[in-house]
Amino acid sequence: MTDLSILDLQNLRHLIGGYETTHCKMTDYAAQAQDAQVKKLFQDAADSAMKNKQELMKFL
C-alpha cells in the first residue's frame, strides 16, 4: 500500500467522522420510531454507516 498524504488522512478523518455521526443519529431515530418499517429503515441505515466506517478505518 502506498503512503497516505496529509490530505488523504484529513479526508479519511472527515468521512469516518461523518459515518460515525450518521450511525449515532440513525440508531437514535430507530430507537424512537414507533412503526416497525420505519425502525428497520433507520436501523439498516445505521448498520450501513457503521460498515462504511469500518471499511474506511482499514486504510489507517
Side-chain angles (χ1 to χ4, degrees):
M1 186 170 101
T2 62
D3 291 337
L4 295 175
S5 70
I6 297 295
L7 182 59
D8 292 333
L9 290 173
Q10 289 172 340
N11 287 335
L12 277 172
R13 182 187 65 172
H14 176 75
L15 289 169
I16 290 168
Y19 281 124
E20 178 65 24
T21 300
T22 300
H23 174 261
C24 290
K25 286 184 177 187
M26 294 298 123
T27 300
D28 189 48
Y29 296 157
Q32 295 177 34
Q34 302 296 319
D35 183 86
Q37 288 179 324
V38 173
K39 182 182 280 291
K40 182 178 180 341
L41 178 84
F42 284 132
Q43 191 57 55
D44 288 348
D47 294 344
S48 178
M50 181 56 70
K51 181 180 177 223
N52 290 335
K53 177 189 167 194
Q54 290 170 342
E55 286 295 314
L56 288 173
M57 294 288 286
K58 292 178 184 177
F59 289 101
L60 299 178

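Side-chain atoms are counted along with the backbone in the values below, which use heavy atoms only and exclude waters and symmetry mates.
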Quiz item: Leu7 versus Gln10: any side-chain heavy-atom pair under 4.5 Å?
Solution: yes

Self-check item: Single-linkage hydrophobic cluster Leu9~Tyr19, side-chain heavy atoms < 4.5 angstrom
Solution: yes

Exercise. To the nearest 0.5 angstrom, please state how far the CG atom of Leu15 sits from the CZ atom of Phe59.
Key: 10.5 Å

Practice problem: For the pair Gln43 and Lys40, evaluate side chain to side chain contact (heavy atoms under 4.5 Å, CB included) and give the outcome as yes or no after the intermediate values. | Solution: CA-CA 5 Å; Gln43 191 57 55; Lys40 182 178 180 341; 5.6 Å; no

Exercise. Working to the nearest 0.5 Å, report the span between CG of Asp47 and OG1 of Thr27.
Key: 7.5 Å

Quiz item: Leu12 versus Leu4: any side-chain heavy-atom pair under 4.5 Å?
Solution: yes

Self-check item: Nearest-0.5 Å distance, CZ of residue Arg13 to CD of residue Glu20
Solution: 14.5 Å

Exercise. Report the distance from atom CD of Gln54 to atom CG of Leu56, rounding to the nearest 0.5 Å.
Key: 10.5 Å

Self-check item: Stepwise side chain to side chain contact (heavy atoms under 4.5 Å, CB included) test for Asn52 and Thr22
Solution: CA-CA 11 Å; Asn52 290 335; Thr22 300; over 6 Å; no

Quiz item: Going by side-chain heavy atoms closer than 4.5 Å, which hydrophobic residues are tied to Val38, directly or by a chain of links?
Solution: Met26, Tyr29, Phe42

Quiz prompt | Note, Gln34 side chain near Lys39 side chain (heavy atom, < 4.5 Å) | solution = no

Quiz item: Measuring from Thr21:OG1 to Lys53:NZ, what's the distance to the nearest 0.5 Å?
Solution: 9.5 Å

